[in-house]
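Every number for a ligand or one of its atoms is a count from 1 in the order of the listing. Because the structure is predicted, anything quoted here is derived from the model rather than measured.
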Amino acid sequence: MKTTSAGIELHYDILGSGPAVLFVHGFPLTGQMWQPSVATLSKSYRCIVPDLRGFGRSQASPTASMRIYADDLATVLDAAAQREPVVVVGLSMGGYVQFEFFRQHRSHVRAMVLADTRANEDNAEGRAKRQEMIAAVAKAGSKAAADAMIDKLFAPGVDPTLRREWLEIMSTASPMGVMAAVQAMADRPDSRPTLATIDVPTLIAVGEHDAITPPDVHREMHQAIRGSQMEVVPGAGHMLPVEKPAEFATLVGGFIERAVR
Ligand code: MLT
């Protein structure tokens with residue numbers, strides 16, 4: 001399905017019916033990353049799966065920000081005629097967007113799943129690395145970002161087919177979309193002050209071997225979000241829902257049943 005947000009065409013899929021769940025993918029990925037978990041979760045829930053601007057089948061814009069992505073999500077919910085608040089599930093950059101969505105569109109949020117993400121902003125070294133990545137993508141295309149990311153995304157010993165598939169998806173992403181997202185991540189605010197304001201049921205889930213946002217940063221979020229539940233999934237890396245979709249769907253489904261039914 002398609003909608004337009006501030007002049008940019010956005011693609012989203014809707015599968016299943018029941019309480020609604022909005023899935024927000026990571027960088028430089030697409031809504032396809034949720035497909036194996038959504039295959040299960042859509043038996044019980046209305047799964048709304050957008051591609052963020054600049055990724056998958058959504059149009060790119062030369063600039064982006066967490067605020068723009070968050071407002072795009074609100075536009076998608078509107079286009080989907082989703083009136084009731086939703087469970088928001090975000091992975092990594094999707095989690096950064098989710099914090100902004102919570103700040104700007106609180107009334108849409110019924111519960112949250114923060115997967116393989118972090119609340120803190122980039123430090124100076126991190127921001128400098130982002131500029132290097134933007135320069136590399138400007139020169140060599142999105143494959144530069146894909147090559148830089150691929151070894152950190154999956155746990156050691158992952159099925160090579162999955163690795164190949166995602167290397168290909170990331171390599172063919174829109175360079176404009178990728179560069180805009182990297183700048184948006186560099187500019188994102190510190191979301192740690194938001195953690196104490198989160199007053200909806202929250203599940204924090206992380207792969208045991210996540211090399212980008214390791215379990216320790218999730219423990220900090222868990223301590224700061226009142227009443228949150230935290231789960232470390234054995235054998236998974238940063239791509240938890242792609243690497244262990246059955247485990248992820250069971251965790252998220254169990255959480256939603258407790259949180260919203
Ligand atoms: C992601 O997986 O979305 C990114 O690796 C997050 C980041 O680079 O900070």
### Message
Below 30° counts as parallel, above 60° as perpendicular, anything between as tilted: where do the rings of Phe55 and Phe27 land?
### Response
perpendicular
Heavy atom of the protein closest to [atom] (residue, atom name, distance):
atom                   : answer
atom 5 (O) of ligand 1 : Met149 CE, 3.3 Å
atom 8 (O) of ligand 1 : Arg130 NH1, 2.9 Å
atom 7 (C) of ligand 1 : Tyr96 OH, 3.4 Å
atom 1 (C) of ligand 1 : Ser92 OG, 2.7 Å

Side-chain donor-acceptor pair under 3.5 Å between [X] and [Y], yes or no?
X      : Y      : answer
His222 : Ser228 : yes
Arg103 : Thr197 : no
Ser58  : Asp51  : no

### Query
Hey, is Asp151 close enough to Arg163 for a salt bridge, meaning N to O under 4.0 Å?
yes
### Task
Using distance alone, determine whether Ile212 and ligand 1 share an N or O pair under 3.5 Å.
no
#### Entry: Within-cut-off N or O pair, Phe27 and ligand 1, under 3.5 Å
yes
#### Entry: Side chain Gln98, main chain Val24, donor-acceptor under 3.5 Å
no
### Query
Should the proximity of Met185 to ligand 1, defined as any heavy atom under 4.0 Å, be assigned to the side chain, the backbone, both, or neither?
side chain
